[in-house]
Number of protein chains: 2
Amino acid sequence: MMTTIKEVAKLAGVSVGTVSKVINNQDGIKENNRKKVLDAVKKLNYEPNIHARTLSSGKTNLVSIVVPTVGFEFQKIFLKSLDDVLRKSNYDSVVFPLLSRDRLARFSSESNFLFHTDALILASLSPKNLFRDGRVPTRKPYLIVDSHGESSNSVIIDNYLGGHLAGKHISLEKNGKLFLIGGYEPDDAFSSGVFSERKRGFEDAIRERGIESKEIEFKNIVLDWNQAFDFGARISRTEKKFSVFSVSDLVAWGFIEGCRTNGLYAGKDFHIIGYDDLSFSQKIGLTTISQPISELGEIAAEKVVEKIKGAANIENIVLSPRYVERTSN
Amino acid sequence: MMTTIKEVAKLAGVSVGTVSKVINNQDGIKENNRKKVLDAVKKLNYEPNIHARTLSSGKTNLVSIVVPTVGFEFQKIFLKSLDDVLRKSNYDSVVFPLLSRDRLARFSSESNFLFHTDALILASLSPKNLFRDGRVPTRKPYLIVDSHGESSNSVIIDNYLGGHLAGKHISLEKNGKLFLIGGYEPDDAFSSGVFSERKRGFEDAIRERGIESKEIEFKNIVLDWNQAFDFGARISRTEKKFSVFSVSDLVAWGFIEGCRTNGLYAGKDFHIIGYDDLSFSQKIGLTTISQPISELGEIAAEKVVEKIKGAANIENIVLSPRYVERTSN
DNA sequence: CTGAAAGCGCTTACAG
DNA sequence: CTGAAAGCGCTTACAG
């Protein structure tokens, strides 16, 4: 039913080896034969079977990208920059969003397809938390991105530094409370450790300013605008002067909106610093720790291509975030 | 290097056929032999080569999902519900976000991996706009989801009806302007036609209420909170009473925030109806057209599994959105 | 420059 | 219940 290379060879009057070379753009084929093959290919509407090609050549030209979820701008920016660079080396990215705990079981077996492309990028996810024995179940090259405490190849943005920058710059009110929100990593399997690092950096910076880190009230909130909204609405009912470090802009935004329901405004009635610097952040005047997400994707792509080509060195690349002041702090 | 089924067979002292049956959980194998095989598998740390399996069996147990992008809640909900159902039939979903025009070229070739899984779901994308000849370049079963005007198998949410509901319920101010925003589909390749349908339904409903559809001012805005914010800020500087139908909640939200910069509030100073009903919509009191996104994913999964099993009928399933009134209209 | 053939690592009738 | 062997559709030395 499917036409095969054999049928093409027969119609073109050449051997399958010759057809193979033509469809793979190899040279050293007489123009005459090349033409005959191309004609036969067109006539039979031939399309090579990529599974046979993979089995035979041992390569897929695919790179698996595992991400915890897909609903956020972070993934969009990251995946786009990553794919833009991969494409230049003739690789395609295929995305595997973890999405749910149920799906994790499938992702934990080496027989899953995701482990059988040319390489694997694990983004915003930690092997330690993800896999039973803490090891990525594959023999293919892989790279850890945006996740802390890895000994294998990794590319991250320095989250400790980001938190530290926030702690260094946050405006404090005399007798005002200090909140750290949004650092909750609820499900072990899904936590990458980046929030804890931000928290740690923040606390250290605060301490360096002579403030007891006990004075920080830590509020567990998942990456969720609605929860942050509720929390802001609740806090602003009783507190009237305070400072906030939110470990994500989305949570900061929700919090700010919640506070507004009680007439409290960021930058005026309270100080807040977020984390990420997404497209809405500038619009809402959010002072934040800006993450070079595109760069993260680009470098990850470059490094994974090097790995596929056989680079054996272990590299842990650490990019730096920066403090971006707007009106909220 | 990689251990193969042959080595397992040798160590276990059986034939490769027997090994194959054991690792595929087929019965009709003597318990004694099964055990020997399992021991050898464990000892050699054997993992079947899935590419060989695919070539031999002709199936991947994978379903490709093509989506235009990944940064939005819509995709998150859709992909999750889809995968939850696929998993029950032992299929894994692999996601291919289009992301950019550059990537489209790769997606247009039948030789791309995405066309070589067991089936394909094209979500929020139209073959007409995507592919040169308007045809999906595959011989595998496929399904169109959330895209209008398709003659092949499809599952959609009735966008005309959604727009019509909005037009029927929108509150109109005497002498106030009526805006329709967010319906711009900027890049042909990326447009699914759903916005045009919503617009059409809206205009018809307005007309049925005796209003000239010419009186609607149509504002091109892509699915972008920031642009909508700017537009809201600009409009609210001059207009003081108006009604708005936004073809997405995200755009409605940005617009509302923009208006607030001039002290105009939704539901009080102006009326607005959005579209989608996402997690933030309730929080901000947005009256909207609610889309059954999870259901869309579930039904798409069921239908694509039927297709894989060989169902030959052509079905176009149309789900219904509903009007959800909150405070903004 | 080309062809014949081995090989990639599985699955699956088929014979016994 | 099991084994020998054909077959899936390619790629790739190798000989000429």
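Just so we're on the same page: letters track the sequence lines, and every chain starts at 1.
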Original post:
To the nearest Å, how far apart are Met2(A) CE and dG7(D) P?
Top reply: 20 Å
Subject >> Shortest non-hydrogen contact between Ser294(B) and Ser81(B), atoms and distance >> reply: O-OG, 3.1 Å
Original post:
For DNA chain D, what are the stems built from at least three Watson-Crick or G-U pairs in a row, each pair having both distances below 3.5 Å?
Top reply: C:1-3 with D:14-16, C:5-12 with D:5-12, C:14-16 with D:1-3
**OP:** Using a strict cut-off of less than 4.0 Å between a Lys/Arg side-chain nitrogen and an Asp/Glu carboxylate oxygen, indicate whether Asp84(A) and Arg87(A) qualify as a salt bridge.
**Re:** yes
**OP:** Grab the OH-C1' distance between Tyr46(A) and dG9(D) for me, whole Å please.
**Re:** 7 Å
Where do N or O atoms of nucleotides 11-15 of chain D meet protein N or O atoms at under 3.5 Å, pair by pair?
from, atom 1, to, atom 2, distance (Å)
dT11(D), OP1, Asn24(A), ND2, 2.9
dT11(D), OP1, Arg53(A), NE, 2.9
dT11(D), OP2, Ser20(A), OG, 2.4
dT11(D), OP2, Asn24(A), ND2, 3.4
dT11(D), O4', Ser56(A), OG, 2.4

**OP:** Figure out the NZ/C1' separation between Lys6(A) and dA4(C), and round it to whole Å.
**Re:** 12 Å
**OP:** Grab the CG-C1' distance between Asn49(B) and dG7(C) for me, whole Å please.
**Re:** 13 Å
Original post:
What is the distance from NZ of Lys59(B) to P of dC8(D), rounded to the nearest Å?
Top reply: 18 Å
**OP:** Quick one: closest heavy-atom pair of Pro48(A) and His116(B), and the distance?
**Re:** O-CE1, 4.3 Å
Original post:
With side chains defined as the heavy atoms from C-beta onward, is the minimum distance between Thr117(B) and Lys140(B) less than 4.5 Å?
Top reply: no
Original post:
Contact class for Leu55(A) vs. all strands (heavy atom < 4.0 Å): base, sugar-phosphate, or nothing?
Top reply: base
Original post:
Which whole-number value in Å describes the distance from Lys36(A) NZ to dC1(C) C1'?
Top reply: 13 Å
Subject >> Ionic contact status for Lys303(B) with Glu306(B), cut-off 4.0 Å >> reply: yes
**OP:** In plain terms, say whether Glu7(B) and Lys10(B) are close enough for a salt bridge, that is, a side-chain N and a carboxylate O under 4.0 Å apart.
**Re:** no
Original post:
For Asn61(A) and Asp92(A), does a side-chain donor sit closer than 3.5 Å to a side-chain acceptor?
Top reply: no
Original post:
In whole angstroms, how far is the P atom of dG9(C) from the NE2 atom of His116(A)?
Top reply: 13 Å
Please output the side-chain donor-acceptor pairs of residues 35-42 of chain B that fall under 3.5 Å, not counting sequence neighbours, one pair per line with the distance.
from, atom 1, to, atom 2, distance (Å)
Lys35(B), NZ, Asp39(B), OD2, 2.8

Original post:
Are Ser93(A) and Arg103(B) close enough that a side-chain donor and a side-chain acceptor fall under 3.5 Å?
Top reply: yes
**OP:** Using whole Å, report how far CD of Glu7(A) lies from C1' of dC10(D).
**Re:** 13 Å
